[in-house]
Colleague: 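Before I ask anything, let me first share the structure, which is written out below as structure tokens.
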Amino acid sequence: MNRSALTVAVAGLLTHGALAQEAMTTQAATMPTAGAAILRQSIFLYDLGSNPLTGDLGRRMFVSDTSLQLGLDAGWSLLIDAQAEHVRTETPTGIDSDDAFSSIDITAKYRFYMNNRGGIDTERAALLMGLRIDTEDSVNADPHIGVVYTRVAGRHGINAELTYTYSTGDEHDTLSNALGGEGAADSINYNLAYVYRVLPAAFTAESTGAWYVTAELLGLYETNGDNEIRYAPGLMFEGRSLALEVQVQLPLVADLEERPELKWAVGVGLRWLF
């Protein structure tokens, strides 16, 4: 095999496709190169149980998440993320429906560590600094800061994220805090993702993409004492400029007093790099 052709192919997959094997929900310490951008669209359906604060019997939520990550100078990127929701709530008197543009989040990512070990093997860490503006009920802006670590070794990838969000909301926001992290309490996201490349077993000069299985543990602790961990298996295809991903979320730990428990969730997503 032509060694230079293989080098070009691997570099192309790293830069324009796999982006170091990023999972669907957990943040990664990867980013587009300066001048490039990643557009990501996902839609999730959440099935939730009864709400202990409002007396609702159950809730179905369709959440559309649209994000654009812009590669800036070396080691920097800017992520703009907007969410919209369609909610159907079962109450003792019937079904209520509501549509809302729920939030916009602006996050700067600074990669402060990178060690490319050869081929696609890499180790990276990044700092996350941002502001989430909630617009659904009362407008408030919540600052957040976090750190994320990514490692790719052969067919295996790991992402670990820890993010703290300071809440500027009040008890009114707590009543609509169905998915967590948007009420009056501060919150800590602690997420871990594992990605395994199923096909191909090894990249070649002819490789144009890869199939992966993923598994995530999605943790959310709130300072009101609520704590939740979801198990989220998934499947992902990543090419040079397009990626398709699907994921299921199931409750693993649900120690919740101020919001409903998750029954299940399913999501699909697309990513484009340009």
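Keep in mind that what you see is a predicted model, and the values were worked out from it rather than measured.
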Colleague: Does Thr204 use its side chain to pair, donor to acceptor, with the backbone of Glu206 at less than 3.5 Å?
Modeller: yes

Colleague: Rounded to the nearest 0.5 Å, what's the gap from OG on Ser67 to CD1 on Ile106? Could you check?
Modeller: 13.0 Å

Colleague: Got a sec, which residues hit salt bridge (charged side-chain N to carboxylate O under 4.0 Å, His left out) with Arg230, two or more places apart in sequence or on another chain?
Modeller: Glu228

Colleague: Checking side-chain hydrogen bond (donor to acceptor under 3.5 Å, both in side chains) for the pair His156/Tyr194: CA distance, chi angles, key distance, verdict?
Modeller: CA-CA 7 Å; His156 307 273; Tyr194 172 70; 2.6 Å; yes

Colleague: Show, in sequence, the C-alpha distance, side-chain angles and deciding distance for Leu162 and Ile188, and conclude whether the side chain to side chain contact (heavy atoms under 4.5 Å, CB included) test is met.
Modeller: CA-CA 7 Å; Leu162 183 66; Ile188 299 173; 3.7 Å; yes

Colleague: Quick one: hydrophobic cluster around Val148, which other residues, with the 4.5 Å side-chain cut-off, linked directly or via members?
Modeller: Leu128

Colleague: Show your reasoning for whether side chain to side chain contact (heavy atoms under 4.5 Å, CB included) applies to Asp105 and His144.
Modeller: CA-CA 10 Å; Asp105 192 306; His144 54 83; 3.1 Å; yes

Colleague: Could you note down all residue pairs passing salt bridge (charged side-chain N to carboxylate O under 4.0 Å, His left out) where residues 42-51 supplies at least one of them, sequence neighbours left out?
Modeller: Asp47-Arg60

Colleague: Checking Val268 now: which residues fulfil side-chain contact (heavy atoms from CB on, under 4.5 Å) with it, not counting sequence neighbours?
Modeller: Val246

Colleague: Closest heavy-atom contact between Ala210 and Pro200?
Modeller: CB-CD, 3.7 Å

Colleague: Less than 4.5 Å apart, any side-chain heavy atom of Ile38 and any of Phe274?
Modeller: no

Colleague: Please report the C-alpha distance between Gln249 and Gln247 in whole Å, then the side-chain angles of each, then the deciding distance to 0.1 Å, and finally whether the side-chain hydrogen bond (donor to acceptor under 3.5 Å, both in side chains) criterion is met.
Modeller: CA-CA 7 Å; Gln249 295 184 9; Gln247 183 183 83; 3.0 Å; yes

Colleague: Given Thr122 and Asn116, is the side-chain hydrogen bond (donor to acceptor under 3.5 Å, both in side chains) satisfied, shown in steps?
Modeller: CA-CA 4 Å; Thr122 186; Asn116 293 329; 2.7 Å; yes

Colleague: With sequence neighbours left out, what residues match Tyr231 under ring-ring contact (aromatic ring centres under 6.0 Å, His included)?
Modeller: none

Colleague: Which other residues belong to the hydrophobic cluster containing Leu179, where Ile, Leu, Val, Met, Phe, Trp and Tyr are joined when side-chain heavy atoms lie under 4.5 Å apart, directly or via other members?
Modeller: Met24, Phe44, Tyr46, Leu48, Met61, Val63, Val87, Leu262

Colleague: Checking side-chain polar atoms at under 3.5 Å, does Tyr164 have a donor or acceptor matched by the opposite partner on Asp186?
Modeller: yes

Colleague: Residues two or more places apart in sequence or in another chain: which of them pass salt bridge (charged side-chain N to carboxylate O under 4.0 Å, His left out) with Asp142?
Modeller: Arg132

Colleague: Side-chain contact test, heavy atoms from C-beta onward, threshold under 4.5 Å: evaluate it for Gln27 versus Leu79 and give yes or no.
Modeller: yes

Colleague: Judged by modelled atom types alone, do Gln69 and Ser77 share a side-chain donor-acceptor pair under 3.5 Å?
Modeller: yes

Colleague: How close do Ser167 and Ala185 get, counting heavy atoms only, and between which atoms?
Modeller: CB-O, 3.3 Å

Colleague: Between Pro251 and Lys263, what is the shortest heavy-atom contact and its length?
Modeller: CD-O, 3.3 Å

Colleague: Treating Thr135 as the side-chain partner and Ser102 as the backbone partner, does any N or O pair qualify as donor plus acceptor under 3.5 Å?
Modeller: yes

Colleague: Got a second to check how far Leu127's CG is from Arg111's CZ, nearest 0.5 Å?
Modeller: 13.0 Å

Colleague: Roughly how far apart are Tyr149 OH and Glu123 CD, rounded to 0.5 Å?
Modeller: 3.0 Å

Colleague: If we ignore angles and hydrogens, is there a donor and acceptor under 3.5 Å between the side chains of Asn227 and Tyr190?
Modeller: yes

Colleague: Got a sec, which residues hit side-chain contact (heavy atoms from CB on, under 4.5 Å) with Asn191, two or more places apart in sequence or on another chain?
Modeller: Thr26, Glu161, Asn189, Leu218

Colleague: Do the non-hydrogen side-chain atoms of Glu22 and Glu245 ever get within less than 4.5 Å of each other?
Modeller: no

Colleague: Val147 and Trp76: same hydrophobic cluster, using ILVMFWY side-chain contacts below 4.5 Å?
Modeller: yes

Colleague: Would you say the side chain of Glu258 lies within less than 4.5 Å of the side chain of Glu222, judging by non-hydrogen atoms?
Modeller: no

Colleague: Would you give the length of the straight line joining atom OG of Ser103 to atom CG of Asp65, rounded to the nearest 0.5 angstrom?
Modeller: 7.5 Å

Colleague: Taking all non-hydrogen atoms of both residues, which atom of Ala29 and which atom of Thr150 are closest, and how far apart?
Modeller: N-OG1, 2.8 Å

Colleague: Is there a side chain to side chain contact (heavy atoms under 4.5 Å, CB included) between Ile120 and Arg197? Walk through the geometry before answering.
Modeller: CA-CA 12 Å; Ile120 64 169; Arg197 189 179 74 242; 3.4 Å; yes

Colleague: With rounding to the nearest 0.5 Å, note down the distance linking OH in Tyr110 to CE in Met129.
Modeller: 9.0 Å

Colleague: How close do Ala184 and Thr174 get, counting heavy atoms only, and between which atoms?
Modeller: N-OG1, 3.0 Å

Colleague: A quick test of your reading: do over 12 heavy atoms of other residues, nucleotides or ligands sit less than 6.0 Å from CG of Asp73?
Modeller: no

Colleague: Just jot down the ring-ring contact (aromatic ring centres under 6.0 Å, His included) partners of Tyr113, sequence neighbours excluded, or say none.
Modeller: none

Colleague: Quick check for you: to the nearest 0.5 Å, what is the distance between Ser64 atom OG and Gln41 atom CD?
Modeller: 4.0 Å

Colleague: Hydrophobic clustering (ILVMFWY, side-chain heavy atoms < 4.5 Å, transitive) - are Tyr196 and Leu192 grouped together?
Modeller: yes

Colleague: Indicate yes or no: at least one non-hydrogen side-chain atom of Thr89 is less than 4.5 angstrom from one of Asp98.
Modeller: no

Colleague: CZ of Arg117: more than 12 outside heavy atoms within 6.0 angstrom?
Modeller: yes

Colleague: Assess the residue pair Leu235 and Trp211 against the criterion (side chain to side chain contact (heavy atoms under 4.5 Å, CB included)); give the C-alpha distance rounded to whole Å, side-chain angles, the decisive distance to 0.1 Å, and a yes or no.
Modeller: CA-CA 8 Å; Leu235 179 67; Trp211 286 93; 4.2 Å; yes

Colleague: Mind checking what makes salt bridge (charged side-chain N to carboxylate O under 4.0 Å, His left out) contact with Asp56, not counting sequence neighbours?
Modeller: Arg59

Colleague: Suppose we screen for side-chain contact (heavy atoms from CB on, under 4.5 Å). Which residues come up paired with Ile104, at least two apart in sequence or across chains?
Modeller: Ile80, Phe101, Ile133

Colleague: Report yes if the side chains of Glu257 and Asp226 come closer than 4.5 Å at any heavy-atom pair, otherwise no.
Modeller: yes

Colleague: Give the minimum heavy-atom separation between Ala34 and Leu72, together with the two atoms involved.
Modeller: CB-O, 2.6 Å

Colleague: Give a yes or no on whether Ile229 and Val248 share a hydrophobic cluster (residues Ile, Leu, Val, Met, Phe, Trp, Tyr; joining criterion: side-chain heavy atoms under 4.5 Å apart).
Modeller: no

Colleague: Show the numbers, then the answer: is there a side-chain hydrogen bond (donor to acceptor under 3.5 Å, both in side chains) between Asn177 and Glu182?
Modeller: CA-CA 5 Å; Asn177 182 36; Glu182 298 180 356; over 6 Å; no

Colleague: If you define the side chain from C-beta out and look only at heavy atoms, does anything of Leu70 sit under 4.5 Å from Pro32?
Modeller: no

Colleague: In chain order, what residues pass the side-chain contact (heavy atoms from CB on, under 4.5 Å) check against Asp99, with sequence neighbours excluded?
Modeller: His86

